[in-house]
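Order of the sequence lines sets the chain letters (A, B, ...), proteins ahead of strands, with each chain counted from 1.
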Amino acid sequence: MFHLSHLRYFYAVAQTRSIRKAAESLHVAQSAVSRQIKNLEEELGVPLFDRHPRGVRLTDAGQILAKYAQQTMLNLDRIRSEIDDLRALRRGTVKICTVEAGLIDILPQVIRDFRRRYPAVSVTLLTRGSQGVVDTILNDDADLGLAFNAPYHPDVEAVATQPQRLYAAVAPDHAIAGKKQVKLSELKAYPIALPDTSFGIRQLVDQIQQSAQLRIEPVLTTDSIQMLVSFARLGLGVAFLPFFAIKGEIRNERIAAVPLADHPARNANAEIIVHKGRQLPIPAEEFLDELKKALRLLK
DNA sequence: CAACAATCACAACTTATCGT
DNA sequence: ACGATAAGTTGTGATTGTTG
């Protein structure tokens with residue numbers, strides 16, 4: 001097998017025109033260099049050096065190899081320095097795929113902090129439904145995925161999980177606003193907005209409906225979390241949202257949120273997911289750390 | 001003879017391949 | 001999944017052969 005160290009040996013010999021001197025500068029025995037050169041010549045099927053009593057001289061074949069060896073050594077220096085840059089987070093891109101709810105609060109904050117620490121690393125952000133986030137991760141079109149109740153897939157690994165109950169979000173003056181918790185069946189009377197079926201939220205609500213033998217007719221179906229938030233805030237009715245989508249609105253008292261009591265909604269999770277077995281790029285590792293911290297603060 | 005490369009025997013490691 | 005063992009690699013130092 002052709003090894004980089006062979007090329008290093010060859011290059012040293014070509015430069016010093018001497019196996020002995022090359023060995024000296026490489027801090028190995030002369031015999032070791034001699035043998036590597038011989039192996040290289042056997043591998044290529046042609047002598048690379050003419051042997052002379054005072055050293056060696058490149059053959060025509062040797063000249064050709066020397067030309068590329070030099071380029072390779074130079075490239076190697078470059079590669080090393082670029083990788084050093086990457087390690088020091090002086091370059092690179094982090095690709096993230098998230099459900100829309102992640103855009104409202106958590107990701108802007110994490111991106112702000114991350115950008116402050118690593119200004120030279122850029123961020124690419126995609127928005128999908130929970131299923132779409134999983135698919136994007138499986139295709140390696142993103143390094144990290146943020147999803148709510150992501151559908152299970154054997155090749156996807158949840159590297160962080162934060163319990164995230166599903167809430168009935170309403171305007172502060174809504175009839176249910178003060179309640180400790182509500183069951184889905186109690187909300188039947190109110191106008192309801194739901195995201196479409198590609199959302200983890202919708203999957204959950206549908207599960208509840210099924211086990212509770214309910215049939216809810218939403219007055220609004222949308223692919224926009226932002227729209228659901230507005231629906232609740234403007235008092236149009238009840239929207240179902242996980243905490244991390246409405247954290248800010250609750251704090252500002254623009255929305256009141258009542259946790260859903262029905263079982264599947266109680267142990268829903270926000271998850272950070274990655275492609276199982278995939279070695280993450282260094283910037284993504286760093287971003288993941290930040291994102292994990294932010295996720296833990298979601299309560 | 002001095003300078004040099006080639007070769008050999010052996011040690012220390014690493015890698016591949018088993019059988020359990 | 002595991003350790004035992006064989007098979008390569010890469011190293012060293014001693015030695016040999018060639019030649020100006």
* If only side-chain N and O atoms of Ser31(A) are considered, is one of them under 4.0 Å from the OP1 or OP2 phosphate oxygen of dC8(B)? -> no

* Asked: Which residues satisfy the ring pair (Phe, Tyr, Trp, His ring centres under 6.0 Å) test with Tyr190(A), sequence neighbours excluded?
  -> His174(A)

* Can you sort out the partners of Phe244(A) under ring pair (Phe, Tyr, Trp, His ring centres under 6.0 Å), two or more places apart, ordered by chain and number? => none

* Interatomic distance, Ile19(A) CD1 vs dT7(B) P [rounded to whole Å] -> 10 Å

* Structure fact -> Ranking dA5(B), dA6(B), dG11(C) by distance to the side chain of Val56(A), first place goes to dA5(B)

* To do: Consider only side-chain N and O atoms of Asp135(A) and Gln131(A), and report whether a donor and an acceptor are under 3.5 Å apart.
  => yes

* To do: Grab the NZ-P distance between Lys38(A) and dG11(C) for me, whole Å please.
  => 15 Å

* Using only heavy-atom distances, determine whether the side chains of Gln209(A) and Asp206(A) contain a donor-acceptor pair under 3.5 Å. => yes

* Would you classify Phe49(A) as touching base, sugar-phosphate or nothing, given that sugar-phosphate means primed atoms plus P, OP1 and OP2, and contacts are heavy atoms under 4.0 Å? => nothing

* Whole angstrom value for the distance that separates C1' of dT10(C) from NE2 of His27(A) -> 17 Å

* Structure fact -> To the nearest angstrom, the CD-C1' distance between Glu24(A) and dA3(B) comes to 13 Å

* To do: Answer yes or no: does a side-chain N or O of Gln36(A) lie under 4.0 Å from OP1 or OP2 of dT10(C)?
  => yes

* **dA6(B) OP1/OP2 closer than 4.0 Å to side-chain N/O of Ser34(A)** => yes

* To do: Pick base, sugar-phosphate or nothing for Ser5(A), based on heavy-atom distances below 4.0 Å to the nucleic acid.
  => nothing

* Grab the two heavy atoms, one from Ile255(A) and one from Ile246(A), that are nearest each other, plus how far apart they are. => CD1-CG2, 4.2 Å

* Asked: With respect to the phosphate group of dT9(C), does any side-chain polar atom (N or O) of His6(A) fall under 4.0 Å of OP1 or OP2?
  -> no

* Asked: Could you state the CD-C1' distance from Gln30(A) to dT7(B), rounded to the nearest angstrom?
  -> 10 Å

* **Distance in angstrom units between Arg57(A) CZ and dG20(C) P, rounded** => 12 Å

* Integer-rounded Å distance: dC4(B) P and Asp50(A) CG -> 17 Å

* Asked: Does a side-chain N or O from Arg54(A) land closer than 4.0 Å to OP1 or OP2 of dT19(C), or not?
  -> no

* **Spacing of Leu48(A) atom CG relative to dA5(B) atom P, expressed in whole Å** => 15 Å

* To do: State whether Tyr9(A) places a side-chain N or O below 4.0 Å from either non-bridging phosphate oxygen (OP1 or OP2) of dT9(C).
  => no

